S.K.: 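I'd like to ask you about the structure that follows.
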Amino acid sequence: MNGHQPGSHDVVVGIDPDREWHLPVAWAADEAHRRRLPLRLVLAVPPGHDTQHVDDTPGRIALRRAGADLLEAACGWVRDRHPEASVTGELLEGSPAPVLGGAARDARMIVLGSRHLSRTAEFLSAGSLVVPVTAQARCPVVVVGDAEHISQQPPYVVAGIDGSPSATAALAFAFDEADLRGATLRVVCVWQPPLIMLDTVEEALRAQRTLLSEATAGLSEKYPDVHVTHEVLTGHPVEELARAAEHALAVVVGRRGRGGYTGMRIGSVVHGLLHRAHCPVITVPTG
């Protein structure tokens, strides 16, 4: 494993030794290759019961050695996939979520795997990375719970927008991703009928279509090779976005606000998609 210079903009992928790591590492390696960025594999060795002293018991030494061996194997696997890849492995001591968040402070994006646990199980799981890292990261976070659907022709990326600043940032990322991949971009706005309608359905849908046109106008000029479609869907945002992305390379959404957990910046739509979508989910923070 090679040293890593702090401050470099790379793609960081979290390795969980207790989970299958090939899928998120493959996604991260391919993305780093597309963007011509270095790839950094990070594995955290959780602290023992005694956090006041360095734990050099045989069990801890064996745990660190196993982690180092896994990182070396994963780096070798990446080089077999992309021989010219710039890939490093980093074994760090500490709880996985804060360790990965700190290691990826200057990253271009963070890639995580997911077991598609229920929301409660994912949040309460001792080794869970998805919710806390997604909530706190200052860069895009990619959660790879299922493979991207590369057999769909033409390939497409879904971007969900709602007129918010975070959605604007997500849309810009989605255009860039579609351009890199030569994919179509499906820009989706989901209208959820309110309990009390102040406008007619036709007026409400017309306003959503206007939102789509205005949101994509400048980016379509910046990315002239990206074929864009606009879709206004009616229903629950999580269900409709997940359905639209059923055969997608990825679904991209913004994240903002504070969710149901203290100090966690993650909205209900983002949280729902992380457990409902069957393709990689990319969440993009504002700014």
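Here, residue 1 is the first one in the sequence, and each next residue gets the next number. These numbers come from a predicted model, not from an experiment.
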S.K.: Does Arg81 have any salt bridge (charged side-chain N to carboxylate O under 4.0 Å, His left out) partners at least two apart in sequence or in another chain, and if so, which?
M.R.: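 Partners of Arg81 under the salt bridge (charged side-chain N to carboxylate O under 4.0 Å, His left out) test: Asp30.
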S.K.: Using only atom types and a distance under 3.5 Å, with no angle test, would you say the side chain of Arg276 pairs donor to acceptor with the backbone of Ala242?
M.R.: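 Not a single qualifying donor-acceptor pair exists.
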S.K.: Could you tell me whether a side-chain N or O of His230 sits under 3.5 Å from a main-chain N or O of Val187, the two making a donor and an acceptor?
M.R.: no
S.K.: side-chain hydrogen bond (donor to acceptor under 3.5 Å, both in side chains) with Thr234: which residues, sequence neighbours excluded?
M.R.: none
S.K.: Please report the closest heavy-atom contact between Ala28 and Val111, naming both atoms and the distance.
M.R.: CB-CG2, 3.8 Å
S.K.: I need the minimum non-hydrogen distance between Cys279 and Ala248, along with the two atoms involved.
M.R.: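 Minimum heavy-atom contact is CB-O, 3.5 Å.
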S.K.: At their closest point, which heavy atom of Ser268 faces which heavy atom of Val238, and how far apart are they?
M.R.: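 What the structure gives for the nearest pair is O-CG2, 4.2 Å.
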S.K.: I'd like to check the salt bridge (charged side-chain N to carboxylate O under 4.0 Å, His left out) partners of Glu246; sequence neighbours left out, ordered by chain and number.
M.R.: none
S.K.: With rounding to the nearest 0.5 angstrom, report the CG to CD1 distance, Leu212 to Ile161.
M.R.: 4.5 Å
S.K.: About how many Å separate CG of Asp162 and SG of Cys189, when rounded to the nearest 0.5 Å?
M.R.: 7.0 Å
S.K.: Might you point out which heavy atoms bring Leu249 and Ala183 nearest each other, and give the distance in Å?
M.R.: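 That closest heavy-atom pairing would be CD1-CB, 3.8 Å.
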S.K.: Provide the closest heavy-atom pair for Ser114 versus Val143 in the form atom of the first, atom of the second, distance.
M.R.: CB-CG1, 3.5 Å
S.K.: Which residue pairs pass the ring-ring contact (aromatic ring centres under 6.0 Å, His included) test with at least one member in residues 73-106, sequence neighbours excluded?
M.R.: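 Qualifying pairs: Trp21-Trp77, His22-Trp77, His33-His82.
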S.K.: Between Leu92 and Val12, is there shared hydrophobic-cluster membership here, with clusters defined by ILVMFWY side-chain heavy atoms closer than 4.5 Å?
M.R.: yes
S.K.: Would you indicate whether the side-chain heavy atoms of Tyr156 and His227 approach each other to under 4.5 Å?
M.R.: no
S.K.: Do any N or O atoms from the side chain of Ser164 and from the backbone of Ala167 form a donor-acceptor pair under 3.5 angstrom?
M.R.: yes
S.K.: Looking only at atom types and distance, does a side-chain atom of Asp16 sit under 3.5 Å from a main-chain N or O of Asp18, one as donor and one as acceptor?
M.R.: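 The answer is yes, because a donor-acceptor pair under 3.5 Å joins these two groups.
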S.K.: Rounded to the nearest 0.5 Å, how far apart are CG of Leu71 and CZ of Arg40?
M.R.: 12.0 Å
S.K.: Check whether any side-chain heavy atom of Leu100 lies under 4.5 Å from a side-chain heavy atom of Leu112, and answer yes or no.
M.R.: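 Heavy-atom side-chain distance check passes, below 4.5 Å.
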S.K.: With sequence neighbours excluded, tell me which residues meet salt bridge (charged side-chain N to carboxylate O under 4.0 Å, His left out) with Arg35.
M.R.: Glu31, Asp176, Glu177
S.K.: Drop me the distance from Arg138's CZ to Ile110's CD1, to the nearest 0.5 angstrom.
M.R.: 10.0 Å
S.K.: Roughly how far apart are Leu91 CG and Arg65 CZ, rounded to 0.5 Å?
M.R.: 12.0 Å
S.K.: Taking side-chain hydrogen bond (donor to acceptor under 3.5 Å, both in side chains) as the definition, give me every residue that meets it alongside Arg243, ordered by chain and number, with sequence neighbours left out.
M.R.: Glu240
S.K.: Holding to side chain to side chain contact (heavy atoms under 4.5 Å, CB included), I want the full list of residues that pass it with Pro280, two or more places apart in sequence or in another chain.
M.R.: Trp27, Val142, Val144, Glu148, Ala250
S.K.: List the residues meeting side chain to side chain contact (heavy atoms under 4.5 Å, CB included) with Pro17, not counting sequence neighbours, and say none if there are none.
M.R.: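 With sequence neighbours excluded, Pro17 shows a side chain to side chain contact (heavy atoms under 4.5 Å, CB included) to Leu43, Leu70, given in chain and number order.
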S.K.: Could you pull out all residues at least two apart from Thr168 that satisfy side-chain hydrogen bond (donor to acceptor under 3.5 Å, both in side chains)?
M.R.: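 Residues passing side-chain hydrogen bond (donor to acceptor under 3.5 Å, both in side chains) with Thr168: none at all.
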S.K.: Restricting to non-hydrogen atoms, name the atom on Ala277 and the atom on Val251 that form the minimum distance, rounded to 0.1 Å.
M.R.: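 Answer, listing the atom of Ala277 first, then Val251: CB-CG1, 4.3 Å.
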S.K.: Indicate yes or no: at least one non-hydrogen side-chain atom of Pro285 is less than 4.5 angstrom from one of Arg255.
M.R.: yes
S.K.: Sequence neighbours excluded, which residues qualify as salt bridge (charged side-chain N to carboxylate O under 4.0 Å, His left out) partners of Arg105?
M.R.: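 Partners of Arg105 under the salt bridge (charged side-chain N to carboxylate O under 4.0 Å, His left out) test: none.
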S.K.: ring-ring contact (aromatic ring centres under 6.0 Å, His included) with Tyr223: which residues, sequence neighbours excluded?
M.R.: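 Once residues adjacent in sequence are excluded, the partners of Tyr223 under the ring-ring contact (aromatic ring centres under 6.0 Å, His included) criterion are Phe175.
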S.K.: Output, in order, the C-alpha distance, side-chain angles, deciding distance and verdict of side-chain contact (heavy atoms from CB on, under 4.5 Å) for Val190 and Val188.
M.R.: CA-CA 6 Å; Val190 182; Val188 175; 4.0 Å; yes
S.K.: For a 4.5 angstrom cut-off between non-hydrogen side-chain atoms, does Arg60 reach Val45?
M.R.: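 With C-beta onward as the side chain, the pair touches.
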S.K.: Taking side chain to side chain contact (heavy atoms under 4.5 Å, CB included) as the definition, give me every residue that meets it alongside Gln192, ordered by chain and number, with sequence neighbours left out.
M.R.: His236, Pro237
S.K.: With rounding to the nearest 0.5 angstrom, report the OG1 to CG distance, Thr283 to Leu273.
M.R.: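 Output value for this atom pair is 10.0 Å.
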S.K.: Within a 6.0 Å radius of atom CD on Gln153, are there more than 12 heavy atoms belonging to other residues, nucleotides or ligands?
M.R.: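 Yes, the 6.0 Å shell around CD holds more than 12 heavy atoms from other groups.
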